[in-house]
Every structure is written in C-alpha cells, then in structure tokens.
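Note that these values count all heavy atoms, side chains included, but never hydrogens, waters or copies made by symmetry.
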Amino acid sequence: MDGVKVIADGMRREIDAGKEIGLKNVSSPCSISEMDDHDLSKLLDKPRLKMERKRSFDERSPSELTTGLHRGLESYETAYSPGRSTLDTPPSAGTFFEPHPIVGDAWEALRRSLVYFRTQPVGTIAAYDHASEEVLNYDQVFVRDFVPSALAFLMNGEPDIVKNFLLKTLQLQGWEKQIDRFKLGEGVMPASFKVLHSPVRKTETIIADFGESAIGRVAPVDSGFWWIILLRAYTKSTGDQSLAETPECQKGMRLILALCLSEGFDTFPTLLCADGCSMIDRRMGIYGYPIEIQALFFMALRSALLMLKPDQEGKEFIKRIVKRLHALSYHMRSYFWLDFQRLNDIYRFKTLEYSHTAVNKFNVIPDSIPDWVFDFVPMRGGYFIGNVSPARMDFRWFAIGNCIAILSSLATPEQASAVMDLIEARWEELVGEMPLKICYPAIESHEWQIVTGCDPKNTRWSYHNGGSWPVLLWMLTAACIKTGRIQIARRAIDLAESRLLKDSWPEYYDGKLGRYIGKQARKYQTWSIAGYLVAKMMLEDPSNLGMISLEEDKQMKHVIRRSSSWTC
C-alpha cells in the first residue's frame with residue numbers, strides 16, 4: 001500500500017482537455033418480453049447516501065468479520081480512499097500535461113456503445129462494428145464485458161450507469177432459467193441481455209441469455225463472480241453502501257454463493273467447471289478447475305464477505321466463506337503455483353503413492369510435463385498454472401487468472417512479485433507487440449484437433465488460443481500498480497496506444513507477437529476501448545486501484561508455508 005502512495009505522489013497526472021462528450025441516446029441494436037414487474041425506476045427510488053466523503057468498506061480479515069460484523073461495516077482505510085479520474089478537472093488543479101490524442105476518441109466510442117432501457121443507460125454493447133456482416137451476439141450487453149466499461153464510468157464520476165446495470169442484471173437473475181427442459185440454478189447470472197425497441201407498440205423489452213443461446217450452450221460461471229466484484233467496486237468508489245445493503249442485493253449475493261459453496265463429492269476447495277464457462281467461452285481444454293474461475297471465485301468470496309449483512313441468513317454464509325477462503329488459498333498457493341524449484345520437484349515426482357503421506361498427491365506423471373515449460377520458467381519468477389486435477393497439470397499461462405490472483409491477494413506478495421518477474425523475463429512471449437496474451441503457448445496440430453474439436457476460430461495464436469487481447473491491459477496495469485512495477489504498465493500502454501485507434505479498436509490480435517488484427521476480430525470492441533481508458537485512469541490516479549484491489553489478509557499468512565508436497 002505504501003508503494004501505491006509513493007507511485008501516486010511521483011506520477012505525472014494527465015488531464016483530459018479534449019472536448020466534453022455528452023451522453024448520446026443511441027437506440028440499442030438489441031432484442032425481446034416486456035418487464036412489467038419491478039420497473040427499474042422503482043428500484044432506483046431507494047434513498048442514496050451523500051457522496052461528499054467517498055469512503056467504503058473496511059478491508060478486514062475473515063476472522064475479524066466473523067467476530068466483529070455485528071458492529072456494522074466500517075470505513076475503508078484512508079490510504080486506499082476511492083478516487084475519481086481527473087478527466088474533468090480544470091488545468092488549474094495541477095501541472096497540465098497534454099493527454100494522449102486517442103483518449104477523447106476512446107470516450108466518444110465508449111459512449112456510443114451505451115444501451116438504454118426506458119431512457120436509462122443500463123450497459124454497453126459488446127461491439128459497435130457496423131462493417132461486420134455477422135452481428136451474432138455482439139449487439140448484447142455482456143456481464144463480463146461491461147466490467148471495464150463500469151470501472152471507466154466509476155473512475156470518471158458517473159456511477160448511475162453502473163447502478164442501473166447492477167439492478168437490471170439482478171432482476172434478470174430472478175427469472176426462471178430453463179434449457180431443454182432442465183432448470184438451472186436459481187443464482188445463475190445471465191451471460192448477456194439485449195433490449196428490443198418496438199416503435200409500433202411503443203414498448204421496450206429485454207431478453208437474457210443464460211447459456212441457452214450461447215455457442216456450446218454453456219452457462220457462464222464467471223458472471224455471478226463479476227457481478228459481486230462490480231458491486232463492491234461501486235460501493236468502494238461512491239461510498240454508497242445502501243445499494244449493497246438492500247434486500248435485493250443481499251439475496252442476489254446469497255443465491256450466487258449458495259451455488260458455488262454447495263457441498264458435493266469434491267475433495268478440493270476449488271470449483272469444478274466446464275469448458276467454455278468463462279471468458280474463454282469455447283472449448284480450450286480448461287475443463288476441471290481453471291485458474292481464471294478459481295481466482296474470480298476467491299475475489300468474489302472476499303468481496304461478498306465485506307458486503308454481506310450479519311443477519312440471520314448472512315451469518316451462515318459468512319462462516320462458510322471464511323472456511324472456504326482458508327482452504328482455497330492454501331490449495332491454490334500450494335498446488336497451482338509454479339516456479340523453478342517447484343518445477344524441479346514435479347520433475348522428480350514418484351507416482352502411485354498411497355495414503356496421506358504422498359508427496360505427489362495428484363499422481364501427476366513427470367513425463368507429462370511438456371517440453372516448452374522447461375525453457376519458459378525462468379530462474380527468477382513464477383505463475384499460477386492453468387489447471388490442477390487428478391493425473392493432470394495444465395502448465396499453460398493464463399493472463400486473467402494470474403492478474404486476478406494478484407488483485408485479490410490470492411497471490412502472496414512474494415508470488416505477485418514473481419509473476420511480474422516472469423512477465424518481464426518473457427516479454428516477447430506474453431506481450432510481444434500488443435498486450436496481452438490471453439494464454440501461452442498456443443495449442444496446435446493434433447493437440448489442437450483433439451482439445452478444441454478443430455475449432456476454426458481457435459487456430460494457433462488466434463482468439464482464445466494464444467491471441468492477444470487489448471482488454472487485458474487494465475488488469476495488467478492494475479497488477480503492476482499493486483506490485484509497484486509501474487514501468488511494465490507504461491511500456492504495455494505505449495504499445496497499445498501506437499495501434500489501437502489506427503486499427504479501430506479490435507477485439508483481439510493474432511500471431512505469436514500479436515502483430516496482426518484478428519482474422520475474425522470485431523472492430524470498435526467496447527471492452528478494448530474501456531480497458532484502455534481504465535488503464536490510463538489508474539496510471540493517472542493510482543488510488544483508483546482501491547475499487548478493484550483487495551489487500552492481503554493477515555489471518556491467512558500461516559498458509560503460505562510450504563507443505564510436504566513442495567519437496568521430494
């Protein structure tokens with residue numbers, strides 16, 4: 001945290017002196033059945049707290065929360081007081097620096113993507129690419145896609161758009177969800193929704209997609225986690241705790257938690273997930289316990305812990321969360337972590353060990369370690385691997401899981417620093433000419449045929465198979481600020497600024513170095529635009545990091561010690 005203060009004091013503040021861009025009521029190119037109950041405007045009638053003092057939740061440990069929640073939610077420490085961007089600050093507020101020319105264009109493009117329902121903005125569409133012949137579902141508001149847009153609006157002092165989105169998706173969660181006569185869990189959040197305007201009937205209607213229309217028909221596991229994380233970001237940014245404390249939001253959180261904390265046959269604290277359940281929404285061999293979902297799971301649990309009321313229903317969830325967090329942090333830090341020493345240990349594993357004294361607990365065959373790993377892992381540095389399950393370790397690097405692990409403090413300070421060391425040491429492989437590789441390395445040839453099912457979009461170094469995604473810039477920047485490695489973020493942003501506007505804000509880039517615009521990438525992809533703006537505003541005002549970052553829980557430090565599985 002001291003590092004963030006130093007960075008904040010020493011950084012130059014850029015002020016947006018470009019033209020002021022007003023909200024544009026664009027008609028949503030979206031689609032379907034009237035929401036005649038719970039009008040959004042009624043939910044918005046709830047009283048709001050004054051926002052002069054922007055303070056939010058106290059970052060307390062799980063043990064403190066279990067014993068002290070009856071005292072209520074106290075204010076967040078002032079060192080991480082929520083700040084807003086200085087985009088609207090007059091030049092007299094400080095030394096004036098000319099902003100990058102593409103900032104104004106980015107804001108204009110972001111506002112053009114806004115979707116309205118009954119005159120109120122409720123989200124942003126995935127892409128505003130009129131040149132594309134196939135619309136598919138890019139004209140919808142996606143929960144995960146809206147997160148960087150929401151952060152941009154929060155940092156720019158426009159929280160009402162985010163509040164509208166949170167309430168609207170909360171209503172959609174309450175819909176009955178059925179796919180091929182099978183009813184989904186009550187707490188599932190939609191992957192996306194769309195708005196249909198009928199000029200003849202003069203009505204606006206909404207339809208949500210819970211996976212029944214998705215490619216592969218997979219329900220989104222990450223949507224609920226992102227919703228909780230965004231609710232905490234809204235509360236942290238505005239200091240308005242009243243939204244999170246409403247019965248509707250409390251119930252929404254409990255329903256999400258009930259799904260992922262349910263007891264079953266698992267012997268691991270990680271969350272079992274299908275392929276295609278997250279941002280990597282096509283078959284990419286992530287079935288099992290993918291790092292992205294585990295990191296988001298951890299972050300959502302910690303965020304919910306700060307917002308759940310210790311009433312009769314909330315107390316039980318708080319206890320379950322605390323137990324799960326301790327087990328999950330131990331499991332992830334021990335078994336998902338890979339550095340040079342750990343790789344050497346796995347290389348020397350014995351197999352077919354029985355009983356609780358086993359060192360190779362998952363019976364991983366050392367010969368299954370792919371050759372590229374030995375050259376990829378540097379002497380200094382490490383990362384959380386993609387998946388761990390019986391007889392299988394997916395050694396691939398996944399950007400989202402590692403960045404979220406840092407932001408949520410799932411990674412210890414030492415591990416977070418090691419991830420940054422790895423990015424610096426393997427810059428060409430992970431960043432190249434456009435940040436950031438979603439995963440590394442790409443799978444190809446016979447393995448590509450088997451793992452992806454010959455997916456023509458996920459060919460090597462394209463899309464989810466080693467493609468470069470500009471949206472990941474905001475996560476990388478946030479992780480850099482938190483670890484005090486600001487030079488990495490600046491270098492990555494410089495690369496992005498040299499191309500993004502010129503290339504019309506593509507969805508992703510192809511090639512080993514991210515040199516080519518993706519073969520099927522949409523232009524004016526909203527989260528590419530918003531991700532850049534969030535990265536810039538966090539550099540401009542590092543206190544913005546507080547709304548999306550969680551500090552280390554001191555009570556879980558004891559689980560950092562290496563277990564017997566670390567040595568042979």
Determine yes or no for a side-chain-to-main-chain donor-acceptor pair under 3.5 angstrom, with [X] supplying the side chain and [Y] the backbone.
X	Y	value
Ser417	Pro413	no
Arg232	Ala304	no
Asn387	Tyr289	yes
Arg283	Asp275	no
Asn458	Met284	no
Asp266	Phe268	no
Ser409	Leu550	yes
Ser262	Leu259	yes
Glu414	Thr412	no
Thr483	Ala479	yes

Is it the case that over 12 heavy atoms from other parts of the model lie below 6.0 angstrom from the [atom1] atom of [X]?
X	atom1	value
Glu186	CD	no
Tyr347	OH	no
Lys519	NZ	yes
Phe340	CZ	no
Lys512	NZ	no

Mutual orientation of the aromatic rings belonging to [X] and [Y] [parallel < 30°, tilted 30-60°, perpendicular > 60°]:
X	Y	result
Trp337	Phe384	perpendicular
Trp505	Tyr532	tilted
Phe362	His331	perpendicular

- [ ] Determine, using ring centers only, whether Phe297 and Phe225 are less than 6.0 Å apart.
- [x]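 Between Phe297 and Phe225, which both carry aromatic rings, the centre distance is below 6.0 Å.
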Open item on the list: Using ring centroids (six-membered ring only for Trp), state whether Phe376 and Tyr440 fall under 6.0 Å.
Closed with: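 Under 6.0 Å, so yes.
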Check: [Y] and [X] side chains under 4.5 Å, non-hydrogen atoms:
X	Y	result
Leu166	Leu230	yes
Leu296	Ile229	yes
Val364	Arg392	no
Met420	Ile406	yes
Asp209	Phe193	no
Arg282	Tyr463	yes
Leu301	Ile228	no
Asp145	Trp226	no

Of all the heavy-atom pairs spanning [X] and [Y], show the shortest one and how long it is.
X	Y	result
Cys249	Ala244	CB-O, 3.7 Å
Val377	Asp339	CG1-C, 3.7 Å
Leu110	Ala530	CD1-CB, 4.2 Å
Val143	Ser223	CG1-O, 3.6 Å
Met537	Asn544	O-ND2, 3.3 Å
Ala126	Phe142	CB-CD1, 4.0 Å

Got a second to check how far [X]'s [atom1] is from [Y]'s [atom2], nearest 0.5 Å?
X	Y	atom1	atom2	value
Leu151	Trp527	CG	CH2	13.0 Å
Cys277	Leu271	SG	CG	8.5 Å
Ile486	Ile493	CD1	CD1	7.5 Å
Leu305	Arg320	CG	CZ	13.5 Å
Met189	Ile256	CE	CD1	4.0 Å
Thr452	Arg460	OG1	CZ	13.5 Å

Classify the side-chain pair [X]/[Y] by whether it contains a donor and acceptor separated by less than 3.5 Å.
X	Y	answer
Trp227	Thr169	yes
His464	Asp281	yes
Tyr335	Lys361	yes
Ser192	Gln140	yes
Asp503	Tyr509	yes

TODO: Kindly determine whether Arg380 and Asp421 satisfy salt bridge (charged side-chain N to carboxylate O under 4.0 Å, His left out), including the steps that lead there.
DONE: CA-CA 7 Å; Arg380 284 187 63 230; Asp421 288 339; 3.2 Å; yes
Flag the pair [X] and [Y] as a salt bridge only when some basic side-chain nitrogen lies within less than 4.0 angstrom of an acidic carboxylate oxygen.
X	Y	value
Asp222	Arg144	yes
Arg396	Asp394	yes
Glu507	Arg522	no
Lys536	Glu497	yes
Arg485	Glu424	yes

Open item on the list: So, using salt bridge (Lys or Arg N to Asp or Glu O under 4.0 Å) as the criterion, who are the partners of Arg217 when residues are at least two apart?
Closed with: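 For Arg217, no residue satisfies salt bridge (Lys or Arg N to Asp or Glu O under 4.0 Å) once neighbours in sequence are set aside.
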TODO: Dump the intermediate steps for side chain to side chain contact (heavy atoms under 4.5 Å, CB included) on Ile293 and Thr270, then the final yes or no.
DONE: CA-CA 9 Å; Ile293 292 298; Thr270 40; over 6 Å; no
Task: Residue pairs passing the side-chain hydrogen bond (donor to acceptor under 3.5 Å, both in side chains) test where at least one lies in residues 465-479, sequence neighbours excluded - done: Lys437-Ser468
TODO: Could you walk me through whether Met434 and Leu495 pass side chain to side chain contact (heavy atoms under 4.5 Å, CB included), step by step?
DONE: CA-CA 6 Å; Met434 176 55 65; Leu495 283 173; 5.9 Å; no
Task: Audit row: Lys482, Leu545, side chain to side chain contact (heavy atoms under 4.5 Å, CB included) steps and yes/no - done: CA-CA 8 Å; Lys482 183 167 183 178; Leu545 177 67; 3.9 Å; yes
- [ ] Scan Ser278, Cys439, Pro290 and name whichever one has a side-chain contact (heavy atoms from CB on, under 4.5 Å) with Phe398.
- [x]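 Looking at Ser278, Cys439, Pro290, the match for Phe398 under the side-chain contact (heavy atoms from CB on, under 4.5 Å) is Cys439.
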